[in-house]
Novice: 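Before we start, here is the structure in question, set down as structure tokens.
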Amino acid sequence: MSSQPVAVSDRLDAAVLKVAGVVVLGAIMSILDVTVVSVALPTFQSDFDASYAQVAWTMTGYTLALATVIPLTGWAADRFGTKRLYMAALVLFTLGSGLCATADSIGQLITYRVLQGLGGGMLMPLGMTIMTRAAGPERIGRLMAVLGIPMLLGPIGGPILGGWLIDIASWHWIFLINLPIGVVSLVYAQKALPKDAPEPSESFDFVGMLMLSPGLALFLYGVSTLPETGTFVDTKVWLPMLVGGLLVVGFVLYSFTPKHPLLDLRLLRSRNLTVASVTLAVFTVAFMGAGLLFPSYFLQVRGESTLDAGLLMAPQGIGAMVTMPIAGMLADKIPVGRTVPFAIALMAAGFFAFTQVGTDTSYLLLCGALFVMGLGMGGTMMPIMTSALKTLTNHEVARGTTLLNILQQVAGAVGAAIMSVILTNELNGSPAIPGMVDPRTGAPVTEAGLAIAVERDPALAQQLPVEPGLLQRGLEFVADSFATTFLVAFVLILVTFVPAFLLPRKRQESHLLDDEAGGDGERPAAPVLIH
């Protein structure tokens, strides 16, 4: 490849957009599937006669599979080529979706969700690698904005689509809908993605795999069990977290020994990548953790249907759609350290409104807060990723995107667990109703628990002999519990300011074209698409 500078148009040409279209379709399936399933959990409880803790594993199992397979993606992309691996991931995800629709027990559904997650886990890091190489160094920000589309459609479209499909058909269709999208994505990928030319020069790090993948899976298993047990001292929580944590620490110490580790932590020697990673992790814990609870507030406190709860979440996605393209363009021209703190301030302003929620808080206020929050989200996540990727050479992109995706998955799972535990513990503080027990578990029924049940099924209020005012007290307790949980998320958003102020405030020089053929095992940069 010529060492002369290559003039690349700032504009995203048709060839790049074709590649982006493939990646966006795959990412939409992967991300949408998380939020679609979240609104189906009550339906799973009813149809499979299972507890909430059991059906929650339809989401937890998917997350564990993602965390297990993501570390392998960087090596596999180098070994087999991004196009082949991306198409294989699409096949695995689509096959898992079809099997989920055939499940006739909660155990089967969890198993098939794990299979689905093995495919879904590779789609995002591979998609980021493919698009970063296609765009070239001067257009990474704009391409990250394109990749942000499915991240917006997930929170907007998932609850709406899931609620609608369950209302008009059955839960099976939240998985069946992936089949035609998967087939279209496969055909599109075959035609649009450039032909692979893999040059496998690295041996596979089996030792690293035996430590990192099981370590992540065990740690997240322990974290994900927290909402069920409500305490760290339960063996099901601390034991897998301890063993998993020790394996991950062992991997970190070991990873600097081999020439080509499974996860290249040497990349963190770059100050910009490290700062971007820390900012992204703290932001993800707060946003992803609390984000799952917004629909729950509308369902449990306000008594909305799954479809209406999804529609009420739409302003957040609309806000992000406004700022994300602008933030993508700015990230290519202005240092992210000058823009991201303002976006985080918008996020904090939106979150603050939810720390004050009650049983009759104005929907106009809440939808306005979600819109402002969306404006902030659109200006935060993708510019941070752009800043991180600009520090990498072409050969490092696959490893860097793998690192960022693992970070997001772990932070998202930790955030969801933290917020769920806080909310559960708050709700458990509700007074018990004398003489009333849950027939399934034998546990006393609390005022908050009864209020939530009646919000879901108003007919219960006529069937149960309860004193006047009890349901209102319970509902107010539930609302206060949500407000406390959102307050924790608000504080975490404020903490994000600390690493955000360390993001680069001077224009970053991209290193995407820095690779040179040599004896170090590195290969020349992939050709940049020229317009």
Side-chain angles (χ1 to χ4, degrees), residues 34-35 38 56 59 63 151-152 154-156 158-159 220 223-224 226-227 230 232 278-302 309 312-313 315-317 319-320 340-359 361 365-381 384 407-429 477-501:
V34 176
T35 49
S38 68
M59 296 187 68
T63 302
M151 293 187 176
L152 303 180
I156 302 173
L220 290 180
V223 169
S224 301
L226 258 176
F232 278 99
V278 172
T279 309
L280 185 66
V282 180
F283 175 81
T284 304
V285 168
F287 178 72
M288 296 300 290
L292 293 174
L293 298 183
F294 292 139
S296 297
Y297 166 78
F298 292 124
L299 290 166
Q300 295 181 354
V301 178
R302 308 305 287 268
L312 285 164
M313 291 298 298
Q316 185 182 74
V340 167
F342 292 102
I344 294 174
L346 289 172
M347 286 287 298
F351 258 109
F352 181 76
F354 275 86
T355 66
Q356 310 299 309
V357 291
T359 57
T361 306
L365 173 63
L366 295 181
C367 288
L370 285 169
F371 178 74
V372 172
M373 207 180 299
L375 292 175
M377 185 185 77
T380 302
M381 190 171 290
I384 292 173
L407 193 66
Q408 274 192 288
Q409 290 300 327
V410 173
V414 169
I418 289 173
M419 300 306 162
S420 296
V421 168
I422 293 170
L423 180 62
T424 301
N425 286 340
E426 287 292 315
L427 292 173
N428 287 342
F477 194 95
V478 176
D480 289 343
S481 299
F482 272 96
T484 301
T485 309
F486 290 136
L487 180 61
V488 175
F490 172 70
V491 171
L492 284 173
I493 289 291
L494 295 182
V495 171
T496 310
F497 277 112
V498 177
F501 280 123

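Note that the structure is predicted; figures quoted are calculated from it, not measured. Positions are given from 1 along the sequence.
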Novice: Under 4.5 Å between any side-chain heavy atoms of Leu366 and Tyr297, yes or no?
Specialist: yes
Novice: Among residues at least two apart in sequence or on other chains, which ones pass side chain to side chain contact (heavy atoms under 4.5 Å, CB included) with Ala353?
Specialist: Ala369
Novice: Taking side chain as C-beta onward, heavy atoms only, is Phe283 less than 4.5 Å from Pro499?
Specialist: no
Novice: What's the shortest heavy-atom distance between Gly429 and Phe477, and which atoms?
Specialist: C-CZ, 3.4 Å
Novice: Side chains of residues 489-498: which donor-acceptor partners sit under 3.5 Å, not counting sequence neighbours?
Specialist:
unit_1	atom_1	unit_2	atom_2	d
Thr496	OG1	Leu492	O	3.0
Thr496	OG1	Ile493	O	3.3

Novice: Closest heavy-atom contact between Met347 and Met377?
Specialist: SD-N, 3.3 Å
Novice: Testing the basics here: between Leu370 and Leu312, what is the closest heavy-atom pair and its distance to 0.1 Å?
Specialist: CD1-O, 3.4 Å
Novice: Grab the two heavy atoms, one from Met419 and one from Thr485, that are nearest each other, plus how far apart they are.
Specialist: O-CG2, 3.5 Å
Novice: Are Glu426 and Asp480 packed together at the side-chain level, in the sense that at least one heavy-atom pair is separated by less than 4.5 angstrom?
Specialist: no
Novice: Please confirm whether the backbone N or O of Phe351 pairs with a side-chain atom of Thr355, one donor and one acceptor, at under 3.5 Å?
Specialist: no
Novice: Taking only residues two or more places apart in sequence, or in another chain, which ones meet Phe486 in a ring-ring contact (aromatic ring centres under 6.0 Å, His included)?
Specialist: Phe294, Phe354
Novice: Does Leu346 have any side chain to side chain contact (heavy atoms under 4.5 Å, CB included) partners at least two apart in sequence or in another chain, and if so, which?
Specialist: Val372, Leu375
Novice: Which distance, rounded to the nearest 0.5 Å, do you find between the OG of Ser481 and the CG of Asn425?
Specialist: 10.0 Å
Novice: Quick one: closest heavy-atom pair of Gly358 and Val301, and the distance?
Specialist: O-CG1, 4.0 Å
Novice: What's the shortest heavy-atom distance between Ala411 and Val285, and which atoms?
Specialist: O-CG2, 3.5 Å
Novice: With sequence neighbours excluded, what pairs up with Leu407 under the side chain to side chain contact (heavy atoms under 4.5 Å, CB included) test?
Specialist: Ser277, Ala281
